[in-house]
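Residues take their numbers from the sequence shown, with the count starting at 1. None of the values given here were measured: they were computed from a predicted structure.
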Amino acid sequence: MSLLYTLHYPLTGPIEIFFLVLLIILVCPLLFRRIGIPQLVGLIIAGIIVGPFGFNILERDASFEIFGQVGILYIMFMAAVEINMFHLKRNLPKGVVFGLITFAVPLVMGIFGSRFAFGAGWSTCVLISTMYAAHTLISYPIVSRFGLQNAQPAVIAVCSTIVTVLLALLVLAGVVDASAAGGFRFSRFVNLLWLMIIYAAGMGLLLHHLTKYFFRKISDQINQFIYVLAMVFLSSLMASVIGLEAILGAFYAGLILNRFIPERSGLMGRIKFVGNAIFIPYFLIGVGMLINVHVIFESWNVGWVAINMIVVAMISKWLSAYFASKIFRFGATGCRLMFGLTSGKAAATIAAALIGFQHGLLTEDMLNGAVLMILVSCVVSSISTQKAATRLRIELTEEEFKKDSETKPGDYARQLVAVANPVTAENLMKLAFLMRHRRNRNPVTALFVRNSDDTRRVQAGRNSLEIAVATGQSVDIEVKDIERYDINVVAGVTNEAKQNHSTDIMIGLHRRSNIVDSFFGSMTEQLLNATNKMIFISRCFTSVDTLARLLILVPDKAEYETGFQIWVERICNLASQLAAKAIFLSYDTTASFIRNIIISEGYAIRHEYRSMKSWDDFIIQSNDIGDDDIFIIIGARKGAVSHSSELENLPSYLQKNHAGTNLILIYPEQFAGDKGA
């Protein structure tokens with residue numbers, strides 16, 4: 001038996017193929033980064049080199065077809081799931097306007113340019129122009145890597161993608177239908193419109209309710225990740241069934257699932273990791289394998305067609321971004337970013353070229369020219385996006401530095417989370433993470449206090465610490481786990497808080513053990529008396545990720561408390577991460593102070609104010625709390641300015657009427673102390 005293993009080209013063995021692809025994904029970014037070429041371009045070039053039109057090391061087999069399709073769907077899904085819905089809704093009209101501009105300008109230039117350059121028929125000219133008009137967010141991973149997914153030019157460009165792809169699809173369908181049937185049929189568009197409405201309503205309801213149910217029942221993040229992928233492909237499949245592009249279905253799934261996947265969550269981390277490590281690079285390598293650069297030297301006509309397509313496509317997209325930037329009053333950086341994101345071509349362009357060739361509307365030279373246009377557009381798109389994103393990141397960082405020049409890293413929250421129950425530990429840690437400022441790099445302290453050697457209790461506490469650390473690792477936040485032996489829990493928590501200079505203390509709400517037990521329990525009441533630090537008391541019956549609204553009860557004169565601004569910022573951080581609406585039930589004067597903080601600090605959240613004149617208003621409004629909401633109550637220690645007799649009656653009211661409600665009680669810092677979000 002021979003010990004030698006003979007390689008045959010192109011490679012056919014699954015181990016050989018996958019090893020080479022992983023090697024390309026690993027080496028290309030390192031190699032091309034040294035010579036200043038974006039990673040995306042490097043992967044496409046690598047695909048050209050190893051592909052059938054290069055050294056023929058790899059065939060574009062079924063694996064590249066599958067992973068390539070998954071990659072483009074993944075890009076569109078990530079573009080939707082990473083967007084802050086507040087930014088999306090605020091910029092949606094501008095996105096539609098830019099979508100119309102970046103579709104109309106290439107369409108008009110493409111029709112007349114193709115007619116003049118190629119002398120083709122009107123149907124062929126219209127089809128070629130749809131390839132110019134449609135674009136793919138091939139360079140979006142660059143924007144995501146720079147953390148600019150919520151920058152206004154990026155959000156507008158993402159919105160415009162859906163407009164252009166949808167319009168290009170409709171025009172393409174009309175051209176092909178007219179070519180096959182000998183005339184235009186309006187009924188086809190009416191049917192497609194009805195199917196789109198039914199699809200949007202049906203898939204939206206299905207994904208929303210099914211996801212809410214699944215996430216409530218299943219907390220394992222691996223199962224949640226698999227479920228999310230399944231829903232993305234279900235949405236894409238149903239879009240294809242009714243005649244839409246699958247990428248539209250993936251984007252729509254991302255919009256529906258957006259509120260269930262907070263940015264600072266383990267699930268989001270897994271989604272980004274798998275996409276950026278495997279699916280998206282596989283797609284880019286596959287795009288490169290489609291490109292045959294030899295054809296440009298085989299025929300002068302192919303070169304002429306390709307140059308014409310490239311020039312018209314790039315100029316028309318640049319003019320579209322330029323016009324839009326003037327309308328929206330963006331600077332040069334915003335213009336370049338929009339151009340970079342909207343100039344790349346892949347999925348929709350490839351589909352249009354193949355369909356046109358199959359129906360005899362495109363010649364072989366035009367098909368080859370379109371493929372070369374895809375190569376150049378991907379390179380231009382990646383380089384332009386890389387430069388614009390780098391510049392925009394610098395500009396935004398400088399603005400943030402000026403804004404936060406008086407804030408030192410040590411001024412951010414230093415959180416202490418007391419854990420003892422493995423069932424509630426994960427939700428407590430998630431709340432702590434979601435309430436942090438995104439630039440906070442201070443570690444979170446997870447504390448288990450014991451005052452005995454009870455084996456069962458000690459093991460439960462240690463399990464809670466393990467869960468706390470694992471929860472932090474999933475979102476890349478350092479968690480210091482501490483097991484402390486002290487005279488009692490209150491002493492342990494307060495002593496540890498002093499030792500670590502903690503600003504926030506978070507504990508789980510006491511569960512009543514008998515009928516004479518108080519709502520808070522003696523431990524919580526003792527803790528409130530033992531420290532003046534901000535205390536969060538939490539009880540969540542559902543996963544934090546599924547919360548849709550925050551209903552915040554604010555007492556009269558709360559704005560006079562030392563910790564007023566701090567708890568407002570914590571709630572804004574929570575609302576922003578969950579894409580949830582914050583509804584403040586407060587007195588009018590207090591509401592104006594809350595509104596000023598939200599506006600001055602630039603929090604991008606949906607917020608509403610309901611006027612409260614008396615305790616009866618609170619009782620009426622509190623009946624509006626649902627299973628998807630969390631009731632946040634701003635308390636006050638005895639002797640505080642905002643303390644009143646009505647707050648004394650609150651525990652009994654909550655126990656009687658809201659025993660099954662998701663709840664957070666916040667006791668702000670009472671005296672001067674550390675500050676920061």
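For the residue pair Y140 / T385, no side-chain donor-acceptor distance below 3.5 Å is found, with atom types taken as modelled. A donor and an acceptor atom, one from each side chain of T102 and K317, are located under 3.5 Å apart. In summary, the side chains of S144 and E82 do present a donor paired with an acceptor at a separation below 3.5 Å, with no hydrogens or angles considered.
A heavy-atom distance below 4.5 Å is not found between the side chains of S236 and I247. Residues T161 and M76 have side chains in contact (heavy-atom distance under 4.5 Å, counting atoms from C-beta outward). The shortest distance between side-chain heavy atoms of N292 and N368 does not fall below 4.5 Å. In this structure, the side chains of L88 and L255 come closer than 4.5 Å at one or more pairs of heavy atoms. Put simply, the side chain of S320 reaches to within 4.5 Å of the side chain of P106, judged on heavy atoms. Annotation: side chain of I327 is not in contact with side chain of F98 (no heavy-atom distance under 4.5 Å). You'll find the side chain of I48 stays beyond 4.5 Å of the side chain of F53, heavy atoms only. The shortest distance between side-chain heavy atoms of V274 and F279 falls below 4.5 Å.
In this structure, L547 and N662 approach most closely via the heavy-atom pair CD2-ND2, 3.7 Å. The two atoms that bring V232 and A253 nearest to each other are CA-CB, 4.0 Å, heavy atoms only. Contact record, I280 with G71: CG1-O, 4.1 Å, taken as the closest heavy-atom pair. In terms of heavy atoms, E59 sits closest to P10 at CG-CG, 3.4 Å. Pairing each heavy atom of A353 with each of L362, the nearest pair is O-CD1, 3.6 Å. Of all non-hydrogen atoms in V475 and G266, the two that sit nearest each other are CG1-N, 3.3 Å.
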Checklist entry - Should Y282 and F64 be marked as a ring pair (Phe, Tyr, Trp, His ring centres under 6.0 Å) after you check the CA-CA gap, both sets of side-chain angles, and the distance that decides it? => result CA-CA 7 Å; Y282 231 112; F64 286 97; 5.1 Å; yes
Item to check | Residues M314, M373; criterion side-chain contact (heavy atoms from CB on, under 4.5 Å); working and verdict | outcome: CA-CA 9 Å; M314 294 298 99; M373 177 186 66; 5.7 Å; no
Next on the checklist: Could you walk me through whether L337 and T333 satisfy the side-chain contact (heavy atoms from CB on, under 4.5 Å) test, starting with their C-alpha distance in whole Å, then the side-chain angles of each, then the deciding distance to 0.1 Å, before giving a yes or no?
Outcome noted: CA-CA 6 Å; L337 185 62; T333 304; 5.6 Å; no
Next on the checklist: Let's go through D545 and K430 carefully: what are the C-alpha distance in whole Å and the side-chain angles of both, what is the deciding distance for salt bridge (Lys or Arg N to Asp or Glu O under 4.0 Å) to 0.1 Å, and is it a yes or a no?
Outcome noted: CA-CA 9 Å; D545 300 338; K430 282 184 177 180; 3.3 Å; yes
Checklist entry - Would M231 and I256 satisfy side-chain contact (heavy atoms from CB on, under 4.5 Å), going step by step from the backbone distance to the final call? => result CA-CA 10 Å; M231 293 302 101; I256 302 299; over 6 Å; no
Next on the checklist: One pair to check against side-chain contact (heavy atoms from CB on, under 4.5 Å): F251 and I162. What are the steps and the verdict?
Outcome noted: CA-CA 8 Å; F251 186 85; I162 303 305; 3.4 Å; yes
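R216 contributes no side-chain N or O that, together with a main-chain N or O of T546, makes up a donor-acceptor pair within less than 3.5 Å. Side-chain N or O atoms of T211 include none that pairs as donor or acceptor with a backbone N or O of H208 at under 3.5 Å. A donor-acceptor pair under 3.5 Å is formed between the side chain of N150 and the backbone N or O of N84. For the pair N258 (side chain) and V81 (backbone), a donor-acceptor distance under 3.5 Å is present. T124 places a side-chain N or O within 3.5 Å of a backbone atom of L361 that can act as its donor or acceptor partner. Side chain of Y252 to main chain of S235: no donor-acceptor pair is present (N/O by atom type, distance under 3.5 Å, no hydrogens or angles). Without hydrogens or angle criteria, S160 side chain to A157 main chain gives a donor-acceptor distance under 3.5 Å. A donor-acceptor pair under 3.5 Å links the side-chain atoms of D220 to the main chain of N223, judged by distance alone. Without hydrogens or angle criteria, S576 side chain to N573 main chain gives no donor-acceptor distance under 3.5 Å. In this structure, T363 contributes its side chain and M366 its backbone to a donor-acceptor pair below 3.5 Å.
Between the CD1 atom in I111 and the OG atom in S129 there is a gap of 4.0 Å [rounded to 0.5 Å]. T342 contributes atom OG1, which lies 13.0 Å from atom CD1 of I138 (distance to the nearest 0.5 angstrom). The OG1 atom of T390 sits 9.0 Å away from atom CG of L148, with the distance rounded to the nearest 0.5 Å. We find the CG-CE distance between L207 and M238 to be 11.0 Å, quoted to the nearest 0.5 Å. With rounding to the nearest 0.5 Å, the separation of CD1 in I583 from CD in E608 is 4.5 Å. Remark: I101 CD1 to T164 OG1 distance equals 12.5 Å, nearest 0.5 Å.
Summarising the local packing, OH of Y227 is surrounded by more than 12 heavy atoms from other residues, nucleotides or ligands at distances under 6.0 Å. Within a 6.0 Å radius of CG in D476, no more than 12 heavy atoms belonging to other residues, nucleotides or ligands are found. In I15, the CD1 atom is not crowded: 12 or fewer heavy atoms of neighbouring residues, nucleotides or ligands sit closer than 6.0 Å. In the displayed structure, E364 atom CD is contacted under 6.0 Å by at most 12 heavy atoms of other residues, nucleotides or ligands. Other residues, nucleotides and ligands contribute more than 12 heavy atoms inside 6.0 Å of the CD1 atom of I242. Counting heavy atoms of neighbouring residues, nucleotides and ligands inside a 6.0 Å radius, atom NZ of K272 exceeds 12 of them.
In this structure, K581 does not pair ionically with D629, as no charged nitrogen and carboxylate oxygen lie closer than 4.0 Å. Salt-bridge formation is not detected for the pair K212/D627: no Lys NZ or Arg NE/NH1/NH2 atom is positioned less than 4.0 Å from an Asp or Glu carboxylate oxygen. Salt bridge annotation for E263-R438: absent, with no cationic side-chain nitrogen under 4.0 angstrom from a carboxylate oxygen.
Put simply, the residue from S382, S381, S384 that forms a side chain to side chain donor-acceptor pair (under 3.5 Å) with S139 is S381.
Taking the six-membered ring where the residue is Trp, Y74 and F77 present perpendicular rings, their angle passing 60° and hence far from 30°.
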